[in-house]
**Q** 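Here it is: the structure, laid out below.
So you know, we letter chains A, B, ... as the sequences are listed, proteins then strands, and number each from 1.
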Amino acid sequence: MKKIYIGNLPFTATEDEIRELFGAHGTVHSVALINDRETGRPRGFGFIEVDDNDLQGMISALDGKEMGGRALRVNEAQDKPRGGGGGGGGGGRW
DNA sequence: GTTGAGCGT
């Protein structure tokens, strides 16, 4: 199971839309749209957990897909450590 | 009734 970073999301997008959109191209284990912790406004990006075998398929299939008038940005997430401990990994190689 | 970076508690 891997994580996918979704950016350039429209403020009108919801987890349900993401789940259905990505679920149509693979198995989506969980969907999480990130909104501002202080103001509560949507940040325009989110995360989803998908299977390893469907990760590439979703990225190649939904990356650049238009949603709400804006092109979605799909890429494998970096599994950044949020709650202490651990170190970064991979990343940055574009 | 607003907005736009880009990896979350």
**Q** Is A:F47 stacked on the base of B:dG8, with ring centres under 5.5 Å apart and planes under 30° apart?
**A** yes

**Q** Remember a base hit wins even if backbone is also touched, and classify A:L9 as base, sugar-phosphate or nothing at under 4.0 Å, heavy atoms.
**A** base

**Q** Please pick, from B:dG6, B:dG8, B:dT3, the nucleotide with the shortest atom-to-atom distance to any side-chain atom of A:F11.
**A** B:dT3

**Q** Go through the steps to decide whether A:M67 and A:L62 satisfy the test side chain to side chain contact (heavy atoms under 4.5 Å, CB included), and finish with yes or no.
**A** CA-CA 10 Å; A:M67 195 178 203; A:L62 295 173; over 6 Å; no

**Q** Take atom CZ of A:R41 and atom C1' of B:dA5, then tell me their distance rounded to the nearest Å.
**A** 13 Å

**Q** I want to confirm an ordering. Mapping A:A32 and A:G44 to their closest nucleotides on DNA chain B, which one lands closer to the 5' end?
**A** A:G44

**Q** Anti or syn, where syn is a glycosidic angle within 90° of 0; which label fits B:dG6?
**A** syn

**Q** Starting at CD1 of A:I48 and ending at P of B:dG6, how long is that distance when rounded to a whole Å?
**A** 21 Å

**Q** Would you kindly give the CD1-to-P distance between A:I34 and B:dA5, to the nearest whole Å?
**A** 18 Å

**Q** Can you tell me the distance, in whole Å, between the CG atom of A:L72 and the C1' atom of B:dG6?
**A** 13 Å

**Q** Rounded to whole Å, how long is the line connecting atom CG of A:N35 with atom C1' of B:dG8?
**A** 9 Å

**Q** Go through the steps to decide whether A:L9 and A:I18 satisfy the test side chain to side chain contact (heavy atoms under 4.5 Å, CB included), and finish with yes or no.
**A** CA-CA 10 Å; A:L9 281 170; A:I18 303 299; 3.7 Å; yes

**Q** Both A:R37 and A:R70 contact DNA chain B. Taking the nearest nucleotide for each, which residue is further toward the 5' end?
**A** A:R70

**Q** Please report, rounded to the nearest Å, how far the P atom of B:dG8 is from the NZ atom of A:K2.
**A** 19 Å

**Q** Rounded to whole angstrom units, what separation is found between the CG atom of A:N8 and the C1' atom of B:dG4?
**A** 8 Å

**Q** Please check: side-chain N/O of A:D36 versus main-chain N/O of A:R41, any donor-acceptor pairing under 3.5 Å?
**A** no

**Q** Using the side chain to side chain contact (heavy atoms under 4.5 Å, CB included) rule, take A:I4 and A:L55 through it: C-alpha gap first, then chi angles, then the decisive distance, then the call.
**A** CA-CA 7 Å; A:I4 290 186; A:L55 178 97; 3.4 Å; yes

**Q** Whole angstroms only, please: what is the CG-C1' distance between A:N75 and B:dA5?
**A** 16 Å

**Q** Are side-chain N/O atoms of A:D54 and A:H25 paired as donor and acceptor at under 3.5 Å?
**A** no

**Q** Does the B:dG6 base have a donor-acceptor partner in the side chain of A:R43 within less than 3.5 Å?
**A** no

